[in-house]
Amino acid sequence: MDTANTQNMTVIGEDVEIVGSVKCSSSIQIDGKLNGDLTCSGKAVIGSGANIKGNLNVDAVSIIGQVNGNVTAKDIVELKASARMNGDVRGKRLVVEDGVTFVGKAEVNPSGAATGRPAPAESKPSAEPEAAAPQGDRDDDKKGGFFGKK
Amino acid sequence: MPERHEIVCYECGFAFVLQGRFEKTYCPKCRQCLTFETITIDGVSRRTVKTIGVVTVTPAGKIAGGRIVATDVILAGAINGGQVCVSRRLELREGATFKPDCVSMRDVRIHAGARIALDHDLVCRDLEVDGFLKARVHADGLIAVRRGGFLSGEIHGPRLAVQDGAGLSAVLDVGPGCAPAAPRKTSTAPAEKPTLSQPETRPEKKKRAPASRKGKPRKAAQNKST
Ligand SMILES: [Zn+2]
């Protein structure tokens, strides 16, 4: 994170434990424990020592520590190499570094269209004529409910 | 700069690197003479081929029998019969179809622009997705979804990397402790890093290591299908 952003950033230190929801209209960095949901209209950084038990609803998030809950981001979800993600991720963009632990579901399409396709029915690779660009042409797939269970 | 080739011995699975041009060489480990050929199959094939080069199956190509052993296979056609052993990488292009029982490979790449949907498990070491893949993936190496690529289905494996600009719609079970859930019939990949070797040079006898038979490509999939 750059210095300019840091000045407007709320920081929850590593010795802080919060029980309850957190709402933040700017960016936030959490290095401690949060037992509850986080709603943030800026960028959230979940630090290496952080432990979140709750859902994250953010503009963008960078996860270095541990999250047990679902993550919904308007823009990008970054899972750094040390991240431990236990839950579902939905966002516009996703970056996953080699080394993460991720148990859950991911629904990410950079084009913005959902892609929850049904399980494959044919036994061989399909040869759909439109080929290429996986994104952007699948509005018909928007029904796939992905976060229903948590 | 001379051309570099990563060679995987089709007899013992040992990986090494050669520079320059050559038609054959010797495996530094098992000392087998290895032939380098680049082969294109664009009709029905039942031939038997062993090469440390690349076999390309064009959209009109169909492998219906015989045995093909190659370092890399580029598949845009069909593998309906015979046995295809890919000692390094199987690249799937648009229109590729294969019976899982007929193919074994180490790594898999989904070519950019290809749309591949498999109804059987895909079992491999590394998987690179540059195109669209819908499958249940069990990898024991790195699954990499690159910018422009899209992976849909299930992912089981120890390592995952997703580039910004890639798409993912999948159930994931990924982490250091996560072994592929699907059983593998054999292990293949040579554990050693490729070593630099000279073309056409016999290795010295004292360096000879006992031939390992563990380096057989693993089966592509367990589920019966197609
Ligand atoms: Zn050998």
Nearest non-hydrogen partners of [X] and [Y], listed with the distance:
| X | Y | value |
| --- | --- | --- |
| Thr101(A) | Pro176(B) | OG1-CD, 3.2 Å |
| Val108(A) | Ala166(B) | CG1-O, 4.2 Å |
| Gly167(B) | Pro110(A) | CA-CD, 3.8 Å |
| Gln163(B) | Val95(A) | C-CG2, 4.5 Å |
| Leu172(B) | Lys105(A) | CD1-C, 3.8 Å |

Applied to residues 36-58 of chain B, the ring pair (Phe, Tyr, Trp, His ring centres under 6.0 Å) test, sequence neighbours excluded, yields His5(B)-Phe36(B), Phe22(B)-Phe36(B)
Within a radius of less than 6.0 Å around CD of Glu97(A), do more than 12 heavy atoms belonging to other residues, nucleotides or ligands occur?
-> yes
Can you tell which part of Leu160(B) gets under 4.5 Å to a heavy atom of chain A, answering side chain, backbone, both or neither?
-> both
Quick one: CD1 on Ile76(A) to CG on Asp164(B), what's the gap to the nearest 0.5 Å?
-> 4.0 Å
Sequence neighbours left out, cut at 3.5 Å: what donor-acceptor pairs do the side chains of residues 30-42 of chain A make with other protein atoms?
unit_1   : atom_1 : unit_2   : atom_2 : d
Asp31(A) : OD1    : Gln29(A) : NE2    : 3.1
Asp31(A) : OD2    : Gln29(A) : NE2    : 3.2
Asp37(A) : OD1    : Asn55(A) : N      : 2.8
Ser41(A) : OG     : Cys24(A) : O      : 3.4
Ser41(A) : OG     : Ser25(A) : O      : 3.3

Tell me, for Leu79(A) versus chain B, whether the close heavy atoms (under 4.5 Å) come from the side chain, the backbone, both or neither.
-> neither
So, do Asn109(A) and Phe150(B) sit near enough that their side-chain heavy atoms are less than 4.5 Å apart?
-> yes
